[in-house]
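First the structure, in the form of structure tokens, and then the observations on it.
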Amino acid sequence: MNKQKSFKKLGICEWIVNHCDSIGVRKPSPVQSACIPEILSGKDVLACAKTGSGKTAAFALPIIQILEKDPYGIFALVLTASRELASQICDQFCLIGRPIHLKTVYYVEQLTALSELPHVVVATPGRLSDLLEYKSGDLAQSLSQLRFLVLDEADRLLEGDFETQLSSIISFLPTKNRQTLMFSATDSPILNKLTESSNPFKYKEETTTVDLLDQRFVLMEADKKDSYLLVLLDAFLRENPSSSIIVFTNQCK
């Protein structure tokens, strides 16, 4: 059996290794071990790994390392399906990039947030698409030197309204010298079809959830789901008042 590689052996520079150690991130997960060297070598990546496997750090670590060598304007754009996920990703970038004063902005609400040229923009497709469509001049110019496009929860971003918004955003982005990184918790046929011509590095692991997750389901009438969900959330928060909850849904009413 091969020994698990350290972050240093994956090509991560010393200051990031030391900083990760100080925040308790000491051993790379399988998705990190597979993808970090490929990203550092300049390849596009398509990775499918289970929830909780460390996918965000798998792209954040190499992006920050490459960014540090030439920290200019908007260097990376990360698109994800919800504000909550955008906030989490932004927090991880801020935490890892703290020693170099990494500037990030998430869930872009106003054009002024982008005029300050943060290094990393984390956004949901809808709002960013609107800004590009209606105020495209300066914003498109600020994205003209983009080095990384990351699609988090890529399978969800390639469905329904997201697909149209994503196509609009990509039309404003440079194609030369840009790496595209796609990460997903599920292996969707649409992802493989999308990457047939680009030939990215592909990583796939068993996409069942991690052992620490407690999964349950409840069968009920459709018109009672909302009420039952509120009861469950209220009961959980009463027992765990310092906890937070993320609710995933196909539509937000």
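- Linking ILVMFWY side-chain heavy atoms closer than 4.5 Å, directly or via other members, places I23 and L61 in a single hydrophobic cluster.
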### Message
Test side chain to side chain contact (heavy atoms under 4.5 Å, CB included) on F201 and L46; report intermediate values, then the result.
### Response
CA-CA 6 Å; F201 167 77; L46 168 59; over 6 Å; no
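- Taking all atoms of both residues into account, the shortest heavy-atom contact from P125 to T80 is CD-O, 3.2 Å.
- Across all their heavy atoms, I66 and I39 have their closest contact at CD1-O, 4.2 Å.
- Within the 4.5 Å cutoff, the side chain of P118 has heavy atoms near those of the V121 side chain.
- Taking all atoms of both residues into account, the shortest heavy-atom contact from L146 to L77 is CD1-N, 3.6 Å.
- Taken from SG in C20 to CD1 in I12, the straight-line distance is 7.5 Å, to the nearest 0.5 Å.
- K204 places no side-chain N or O within 3.5 Å of a backbone atom of A47 that could act as its donor or acceptor partner.
- Checked by atom type and distance alone, the side chain of S227 never pairs as donor or acceptor with a backbone atom of K224 at under 3.5 Å.
- Proximity of a side-chain donor or acceptor of R26 to a complementary backbone N or O of D21 within less than 3.5 Å is detected.
- In this structure the side chain of Y203 reaches within 4.5 angstrom of the side chain of V31, judged on heavy atoms.
- Rounded to the nearest 0.5 Å, atoms CD1 (I89) and SG (C94) are 12.0 Å apart.
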### Task
Please report the C-alpha distance between F148 and L181 in whole Å, then the side-chain angles of each, then the deciding distance to 0.1 Å, and finally whether the side chain to side chain contact (heavy atoms under 4.5 Å, CB included) criterion is met.
CA-CA 7 Å; F148 286 96; L181 313 176; 3.9 Å; yes
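- Under a 3.5 Å cut-off, the side chain of H19 and the backbone N or O of E14 do not form any donor-acceptor pair.
- Counting only N and O atoms by type, the side chains of R178 and T180 include a donor and acceptor under 3.5 Å apart.
- A pairwise comparison of heavy atoms in C13 and Q65 identifies N-OE1, 2.6 Å as the closest pair.
- The two residues G42 and Q179 have their closest heavy-atom pair at C-NE2, 3.3 Å.
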### Candidate pair I170 and L149, rule side chain to side chain contact (heavy atoms under 4.5 Å, CB included), full reasoning
CA-CA 9 Å; I170 290 176; L149 170 64; 4.1 Å; yes
### Query
Going through the distances and angles, do Q141 and S144 end up as a side chain to side chain contact (heavy atoms under 4.5 Å, CB included)?
CA-CA 5 Å; Q141 179 60 34; S144 64; 3.5 Å; yes
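- Within the 4.5 Å cutoff, the side chain of I169 has heavy atoms near those of the S129 side chain.
- Residues L79 and T124 are not in side-chain contact: their nearest non-hydrogen atoms beyond the backbone lie 4.5 Å or more apart.
- C35 contributes atom SG, which lies 13.0 Å from atom NZ of K202 (distance to the nearest 0.5 angstrom).
- Side-chain atoms of H119 come within 3.5 Å of backbone N or O of K103 as a donor-acceptor pair.
- If you chain together hydrophobic residues whose side chains sit under 4.5 Å apart, F236 and L230 never meet in one group.
- Nearest heavy atom pair, residue K27 against residue F7, reads C-CE1, 3.7 Å.
- For the atom pair OG of S33 and CG of L10, the computed distance is 5.0 Å after rounding to the nearest 0.5 Å.
- Counting only distance, with no hydrogens or angles, the side chain of S87 and the backbone of E84 share no donor-acceptor pair below 3.5 Å.
- To the nearest 0.5 Å, atoms CG (L143) and CG (L173) are separated by 6.0 Å.
- Between T104 and Q92, the closest side-chain pair of non-hydrogen atoms is not below 4.5 Å.
- Side-chain contact between F93 and I96: absent, with no pair of heavy atoms (C-beta onward) separated by less than 4.5 Å.
- The backbone N or O of S29 sits less than 3.5 Å from a side-chain atom of Q32, completing a donor-acceptor pair.
- At distances below 3.5 Å, not a single donor-acceptor pair connects side-chain atoms of K55 with backbone N or O atoms of E153.
- To the nearest 0.5 Å, atom CZ of residue F183 and atom CG of residue D152 are 8.5 Å apart.
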